[in-house]
Amino acid sequence: MKTSLHSQSSHKNSPLTQKTLHLEGMGCAACATTIETVLNKVYGVKKCNVNYALERATVEYDGKVTNVGKIQAAISKAGYKSYVLEAEKNNKTEDIEQKKRDTKQQELTQKVIVGGVVSLILIFGSLPMMTGLSITFIPHWLHNAWLQLILSIPVVFWCGQGFYKGAFKALERRTSDMNTLVALGTGAAFIYSLFATFFPQFFRSQGLSSDVYYEAAVVIITLILLGKLLETRARSKTSEAISNLMGLQAKAARVIRQGEVVDIAFEDVVIGDIVLVRPGEKIPVDGVIIEGQSTIDESMITGESIPVEKKAGDEVIGATINKTGSFKFEAKKVGKDTTLSQIIKLVEEAQNSKAPIQKIADKVTALFVPAVMMIAVISFIYWLIFAQNLSLAMVTTVSILIIACPCALGLATPTSIMVGTGKGAENGILIKGADSLELVHKIQAIVVDKTGTLTQGKPTVTNYITVDSIADNNELNILEIAAAIEHNSEHPLAEAIVNYAKSQGITNNFPKVENFEAMGGQGVQGEINGKLVQIGTQKWLEKLGVNTEQLISQAKEWESQAKTIPWIAINGQIKGLFAIADAVKPSSVKAVKKLKKMGLEVIMLTGDNQQTAQAIADEVGIYHVFAEVRPEEKADKIKEIQQSQGKIVAMVGDGINDAPALAQADVGMAIGTGTDVAMSASDITLISGDLQGIVTAIKLSRATMKNIRQNLFFAFIYNTLGIPIAAGILYPFFGLLLNPMIAGAAMAFSSVSVVSNALRLRNFKL
């Protein structure tokens, strides 16, 4: 017993393995439910999710007690085929999957063509029976029962063999699915017709017509296969986001090895390789520029349309496009570790996941097929016994079985999720799972970090003023003098002044500085053309005897806005001052305004002092501020908002200290320019770092959920209205019956309509 307990404990604590399997043979959502049930019974499987739309199963299991072979064996025993998808998605894997999809479409196309030709012949030959009219131009031999039997055999037993095999497998499992309904419906029509063909006298002796319904079985199978073909083509469009992302990858790389420039496949680039990129070329992998500069189009990754300027020391992302200059960079991330590969992985995981709203459809589907079969039996008994009409009993039974197939229910949620997550990736929004996408539209309060989220995350010159715009007699501009001095310092404030000077058109060709000296915590000084230049705090300059009275009122005004003020003095005379702060991102004000307009409460949460926090909050229009909050207290503050106000809260942050709060929030949103820790703790990553992404994510979630509700509504309404009509509820009042062929067409195209509705999300715009 002790050994057993120890074994269970070790299994419980052992790391889980995750595999994604492609599934073949699923006919409807009930099949997905069946596979999930089977896999959950496999010892060692901790969690599994079967996506009917993608035809995939994602399985987490304890590798010490089971393996993927046992999992596949369980799937095979249940009547389905499976193969393992590669953990690292690449073009080769994509080609294999595409070939399988193409093969499936070709087979369906062939069967639809054969079924279509036979259907036209049989319908044409059966028109006299179907209409009750004598149509003289139709040859009598065309509605001969024996001819119709011969023509229908290849359609029923070749085109429709998948339905009958699937139904038999379901019977072995003591379950039922769409195959069961189609097999029973078409099988009943075929067997009834077969009996009427061999024993017509039996029906006539009972006062019944010996009409046959071969055309019903053939047309139903053909229409359902046509629906499957159209559905397959439409579903391939819902997952095209992955193909589009993979298509972004560069095919080759130009690297320097052993002093020579060689062209290699991008898969062969290794960390540390020096890669050359010319104008117009795609960057093959992630890295850091070591020589040269350029502007790079990163829109395919970040969603930001404006090209970004890059220089030595800046990071570059694989699959982005070099626009102007040439440069060399050192490869830092290759293969599955590149940004693009991680994006593809996240999108795939999101598309494979299951939204909570889908549980409704799953529960209905699990009970739906048995319920439909019961309704069909009741309908048959009623019309046979009470109406004493075998033909009517058979027609209604077949119609019920056919029209009730729950394909639309199974496609309603996953297709919308697939399109929604793919659309998010196009807009620079990575969504980890369907549950996150669903929850976003329920957000009531958004808590945002200040530094790096609302602001740039680095010191920036916000204001600059001088006593004299020109020093003395046409000499150097004061800004150029200040930049020349600060260029020798490594302090963040110095970098801010140098960057500001560059933004004002001052080049790197700074005048020579002599006797440079950094005064710790006070400022810097040096000589330019024999003049002493000092840049630092007011207190330091006053201590040196510099009179600051001339600009003191302006300095106090900027200080009240929580800005840092470096003063500039030349030869002991005040010449100007800078105001430096962590500048607000240009998009922050607009984003906050839009979020408030959407009815959301926006709250700032920061570790900065109250004065600085309030100044930023006033600038962006945030009224609720929590300042001086230590990193370990941020998660507690989120919890407090959740519990005291009962609101669904989103947290937006970018740093390591934001990770606990991101995890505590109902929805964590990480800025893509932040740390890997923050992004791993979040549910959604905004790659560009633009807060407009929050607005986009919420609008996308709302659009996706609206789309899902539309799909579920149409699927439920379709079955709710369709089944009673198929059962003949209108027949006693209006003499109306639902022809089995029309039922087959309605069932087939219901799935297509649901997928087509989901595809409308591809037109989503802000």
Side-chain angles (χ1 to χ4, degrees), residues 448-469 477-483 485-487 489-504 506 518-525 533-543 546-570 574-592 604-623 625-629 654-655 691:
V448 293
D449 176 48
K450 181 184 75 68
T451 306
T453 303
L454 286 170
T455 66
Q456 300 282 4
K458 60 181 181 180
T460 305
V461 173
T462 59
N463 307 90
Y464 167 61
I465 190 172
T466 62
V467 175
D468 307 306
S469 58
N477 186 297
I478 292 174
L479 180 58
E480 186 175 4
I481 292 172
I485 294 291
E486 296 288 19
H487 186 64
S489 173
E490 296 179 353
H491 195 280
L493 296 183
E495 183 183 1
I497 292 173
V498 173
N499 288 337
Y500 176 73
K502 290 179 180 178
S503 72
Q504 300 303 307
I506 294 175
M519 317 300 290
Q522 299 179 95
V524 294
Q525 65 181 24
V533 182
Q534 296 165 313
I535 305 174
T537 66
Q538 179 187 5
K539 187 176 180 180
W540 175 54
L541 291 178
E542 287 179 343
K543 186 178 178 181
V546 178
N547 185 353
T548 62
E549 189 68 29
Q550 195 170 358
L551 295 176
I552 198 163
S553 61
Q554 182 63 71
K556 286 183 176 179
E557 181 185 338
W558 288 343
E559 284 175 344
S560 69
Q561 298 170 9
K563 296 179 180 179
T564 302
I565 314 298
W567 295 67
I568 312 163
I570 299 178
I574 283 296
K575 293 297 181 180
L577 49 86
F578 294 95
I580 297 178
D582 183 5
V584 170
K585 292 178 180 177
S587 62
S588 294
V589 177
K590 290 182 180 179
V592 170
M604 181 194 289
L605 183 64
T606 179
D608 273 357
N609 63 69
Q610 185 68 45
Q611 185 182 15
T612 302
Q614 194 61 56
I616 297 297
D618 291 341
E619 186 175 348
V620 299
I622 294 177
Y623 305 129
V625 180
F626 295 108
E628 300 177 23
V629 181
D654 75 320
L691 289 192

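Note that these values count all heavy atoms, side chains included, but never hydrogens, waters or copies made by symmetry.
- Looking at every heavy atom in both residues, V589 comes nearest to V620 through CG2-CA, 4.0 Å.
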(message) Set out, in order, the CA-CA distance, both residues' side-chain angles and the distance that settles side-chain contact (heavy atoms from CB on, under 4.5 Å) for Q610 and V625, then state yes or no.
(response) CA-CA 8 Å; Q610 185 68 45; V625 180; 4.3 Å; yes
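- Rounding to the nearest 0.5 Å gives a distance of 12.0 Å between CD of E480 and NE2 of H487.
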(request) Tell me, with the steps shown, if E559 and I565 meet side-chain contact (heavy atoms from CB on, under 4.5 Å). (result) CA-CA 7 Å; E559 284 175 344; I565 314 298; 3.6 Å; yes
(request) Show your reasoning for whether side-chain contact (heavy atoms from CB on, under 4.5 Å) applies to L577 and W558. (result) CA-CA 11 Å; L577 49 86; W558 288 343; 2.7 Å; yes
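- With sequence neighbours left out, the side-chain hydrogen bond (donor to acceptor under 3.5 Å, both in side chains) criterion links E619 to no other residue.
- Side-chain contact check for I580 versus I497: some heavy-atom pair is nearer than 4.5 Å.
- Smallest separation of non-hydrogen atoms from A581 and K563: CB-CG, 3.8 Å.
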(request) Please step through side-chain contact (heavy atoms from CB on, under 4.5 Å) for the pair L454 and I622, ending with a clear verdict. (result) CA-CA 11 Å; L454 286 170; I622 294 177; 3.8 Å; yes
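- Here the CD atom belonging to Q534 is positioned 13.0 Å from the NZ atom belonging to K575, to the nearest 0.5 angstrom.
- In this structure, the side chains of Q456 and D582 come closer than 4.5 Å at one or more pairs of heavy atoms.
- At least one donor-acceptor pair closer than 3.5 Å links the side chain of Y464 to the backbone N or O of L479.
- In this structure, the side chains of V546 and W567 stay at 4.5 Å or more apart for every pair of heavy atoms.
- Heavy atoms only, all atoms of each residue included: A496 and P459 are closest at CB-O, 3.4 Å.
- Proximity of N547 to I574: side-chain heavy atoms (C-beta onward) are nowhere separated by under 4.5 Å.
- Closest non-hydrogen pair, V461 versus F578, comes out as CG1-CD2, 4.0 Å.
- Here the CD-CE distance, from Q614 to M604, works out to 8.0 Å after rounding to the nearest 0.5 Å.
- When all heavy atoms are compared, the tightest approach of P566 to I535 is CB-CG2, 4.1 Å.
- Taking a 6.0 Å sphere around NZ of K502, one finds it holds more than 12 heavy atoms contributed by other residues, nucleotides or ligands.
- Around CD of Q550, the count of heavy atoms belonging to other residues, nucleotides or ligands within 6.0 Å does not exceed 12.
- Under the 3.5 Å distance criterion, the side-chain polar atoms of T466 are left unmatched by any main-chain donor or acceptor of G576.
- Taken from NZ in K585 to OG1 in T453, the straight-line distance is 6.0 Å, to the nearest 0.5 Å.
- A donor-acceptor pair under 3.5 Å is absent between the side-chain atoms of S489 and the main chain of E486, judged by distance alone.
- Expressed to the nearest 0.5 Å, how far CD1 of I570 lies from CD1 of I481 amounts to 4.0 Å.
- The line from OH of Y500 to CD1 of I506 is 9.0 Å long, rounded to the nearest 0.5 Å.
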